[in-house]
Every structure is written in C-alpha cells, then in structure tokens.
Amino acid sequence: MSGSGDRIPVLTVDGPSGVGKGAVSSRVARRLRWHVLDSGACYRVVALAALDAGLKIDQEDQLVALCERVDLSFEATEDGPLAWLGGEMVDSGLRAERVSRMASQVAALAPVRAALLDLQRSFCRPPGLVADGRDMGTVVFPDAPIKVFLDASIEERANRRYKQLKEKGENVKFAGLFRELKERDRRDRERAVSPTLPAADATIIDTSDLGIEAVVDRVLALVSDWLA
Ligand code: C5P
C-alpha cells in the first residue's frame with residue numbers, strides 16, 4: 001500500500017439522498033473486504049428512538065442522551081449496508097418516511113452531530129473503511145486519502161427511489177416522494193452544521209447516466225490508483 005503508510009485506509013462516499021451511496025459503498029466494501037459505515041443509519045436510529053419516546057426536536061439533552069446508547073453494526077450486501085442494532089436487524093424500520101424526515105431534523109442539531117462523532121470514527125478498523133454519508137470527507141474523516149462525492153439531479157434521484165419502492169410493492173406517489181426529497185435536500189444542504197458538500201479534495205461523480213456497477217468501477221479505480 002504505497003499511498004497508505006501505516007494508516008488505516010478510509011474511502012469517503014458523500015452525496016445527497018437517493019444518489020445510490022448505500023449500494024455503491026456496500027459493493028465497494030465487499031470487493032475490497034473493508035468495513036462499511038452507513039452514517040445515515042446513526043441518525044435514523046436516533047430519530048426512531050426519539051419518535052418512539054415521543055421526543056420533540058427541541059429536547060436536545062434527551063436527544064443527545066439517545067446518541068450515547070447507539071450500538072450499531074453493518075453488514076455489506078449488494079443492495080446496501082444492512083443495519084443491526086444490538087444484534088437485531090433493524091434496517092426496514094429505519095427506512096420509513098417518518099424516520100427519514102425526523103433523521104434530517106435531528107441531524108441539523110450540532111450537539112447530536114457531536115455526540116455521534118466518536119461512534120462513527122470507531123468504525124475505522126483494519127483493513128479499511130468505506131464511509132457513506134453527507135460529511136464523511138469534510139468533518140468525520142477529513143484526512144481520508146480517497147474521497148468521492150456522488151451527485152445526480154433531483155428528478156433522477158426521485159425516479160430511482162420511486163422505482164425501488166414500487167418494485168418492493170409499496171404504494172407510493174411520485175409527487176409526494178419528490179416533495180419530501182426536495183425538502184430533505186434543502187435541509188441537508190442549507191443547515192449551518194456539516195451541510196452536504198463535496199470536500200475540496202473529493203472526486204465528484206455525476207451518476208445521472210451511470211448504473212451502479214459503472215459507479216462502483218470508477219470508485220474502485222480511484223482506490224487502485226491510490227494503492228498503486
Ligand atoms: O443517508 P440517509 O438518507 O440514510 O440519511 C438520513 C438523514 O441523516 C439525512 O437526510 C441527513 O439529514 C442525515 N445525515 C447527515 N449526515 C450524514 C449522514 C446522514 O446529516 N453523514
């Protein structure tokens with residue numbers, strides 16, 4: 001590993017909702033046999049626990065206390081990282097629309113973000129880590145040697161999400177899904193703390209006209225270049 005020295009290699013994969021970060025990160029992690037971190041799941045777990053406890057977004061102390069109890073692990077599958085919470089598979093519950101909405105609200109709170117930093121960094125273990133999120137390359141792993149930012153138009157992202165949900169037999173309406181995605185994009189990009197932005201040293205990949213495997217190949221090529 002000539003590029004790496006003694007450091008554990010970290011590949012950061014950032015980008016907006018619905019751009020395919022999960023599937024790309026998970027497939028790359030499988031090919032490399034590295035660990036995978038789905039940082040969005042950290043916010044989703046806190047959001048779900050907050051909803052279950054009936055907490056409101058202004059109850060910051062209680063929300064931070066929830067962050068301290070998160071015991072998450074991930075399994076890299078071809079479709080994306082599967083989240084396990086304390087040994088129980090929780091993935092589908094985390095993907096519900098009300099959880100997505102609450103996750104993007106709790107993620108705008110600086111104390112919640114600070115409380116989840118150590119947890120996210122603890123996933124950096126040998127032989128390497130693929131970290132998927134919004135601020136992996138800018139805040140959580142700013143020294144990561146390989147950074148990518150995946151992007152695609154909102155229309156394309158909404159279309160992909162719509163098809164995915166339809167294939168799963170879910171009864172969704174495109175217009176509602178588009179509105180939710182737009183609102184989540186706005187909150188994630190405009191928030192004061194850790195907005196969704198490419199790191200200055202990230203390679204930006206526009207995935208609008210690319211299939212998942214083509215994106216995976218491009219990302220693996222970046223890793224090979226760095227390892228060479
Ligand atoms: O990636 P995913 O859609 O699962 O993320 C859920 C929410 O968590 C996002 O809408 C975003 O607000 C937040 N998030 C974040 N920073 C990350 C990952 C996710 O703010 N690194």
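When a residue number appears, it is its place in the shown sequence, counting from 1. Every number for a ligand or one of its atoms is a count from 1 in the order of the listing.
- Classification of R7 and D143 as a salt-bridged pair fails, no side-chain N sitting under 4.0 Å from a carboxylate O.
- Not a single N or O atom of K21, backbone or side chain, sits closer than 3.5 Å to an N or O atom of ligand 1.
- The protein atom (non-hydrogen) at minimum distance from atom 3 (O) of ligand 1 is R44 NH2, 2.9 Å.
- Between F123 and F74, the two ring planes are tilted [angle within 30° to 60°].
- E88 CD: 12 or fewer foreign heavy atoms inside a 6.0 Å radius.
- Distances between N or O atoms of Y43 and those of ligand 1 include no value under 3.5 Å.
- Atoms of ligand 1 lying under 4.0 Å from any heavy atom of S104, numbered from 1 in the order shown and given with element: 10 (O), 12 (O).
- Close approach of ligand 1 to D188 is summarised as follows: ligand atoms under 4.0 Å from at least one heavy atom of the residue are 9 (C), 10 (O), 11 (C), 12 (O).
- Not a single N or O atom of S17, backbone or side chain, sits closer than 3.5 Å to an N or O atom of ligand 1.
- Looking at R191 against ligand 1, only its side chain comes within 4.0 Å, counting heavy atoms.
- Each of D38, L37, V130 was scored for a side chain to side chain contact (heavy atoms under 4.5 Å, CB included) with P81, with one residue passing: D38.
- Salt-bridge check for E183 with R179: failed, with every basic side-chain N at 4.0 Å or more from each acidic carboxylate O.
- Annotation: atom 9 (C) of ligand 1 to nearest protein heavy atom, R134 NH2, 3.3 Å.
- Between E167 and K163 no salt bridge is recorded (no basic side-chain N to carboxylate O distance below 4.0 Å).
- Summarising the local packing, CG of D209 is surrounded by 12 or fewer heavy atoms from other residues, nucleotides or ligands at distances under 6.0 Å.
- At most 12 heavy atoms of other shown residues, nucleotides or ligands fall within 6.0 angstrom of atom CG in D118.
- Ion pairing of R161 with E97 is absent here, as no side-chain N (NZ or NE/NH1/NH2) approaches a carboxylate O to less than 4.0 Å.
- The N/O atoms of D132, backbone and side chain alike, include none that comes under 3.5 Å of an N/O atom in ligand 1.
- Residue-to-ligand polar distances place D135 within reach of ligand 1: an N/O pair is separated by less than 3.5 Å.
- Counting only non-hydrogen atoms, the option in A103, C42, P81, A47 that gets closest to atom 7 (C) of ligand 1 is A103.
- Taking 4.5 Å as the limit, some side-chain heavy atom of L55 sits within range of a side-chain heavy atom of L66.
- Under a 4.0 Å criterion applied to the non-hydrogen atoms of R113, ligand 1 contributes the atoms 15 (C), 16 (N), 17 (C), 20 (O).
- Within the listing of ligand 1, atoms 12 (O), 13 (C), 20 (O) sit less than 4.0 angstrom from a heavy atom of A107.
- Here is the list of ligand 1 atoms found below 4.0 Å of a heavy atom in S39: 17 (C), 18 (C), 21 (N).
- By the neighbour-count criterion of 12 heavy atoms within 6.0 Å, atom CZ of R218 is sparsely surrounded, having that number or fewer from other residues, nucleotides or ligands.
- Here the protein heavy atom with the shortest distance to atom 5 (O) of ligand 1 is G40 CA, 3.5 Å.
- Less than 4.0 angstrom separates some heavy atom of R184 from each of these atoms of ligand 1: 3 (O), 10 (O).
- Near M136, the atoms of ligand 1 lying under 4.0 angstrom from a non-hydrogen atom of the residue are 21 (N).
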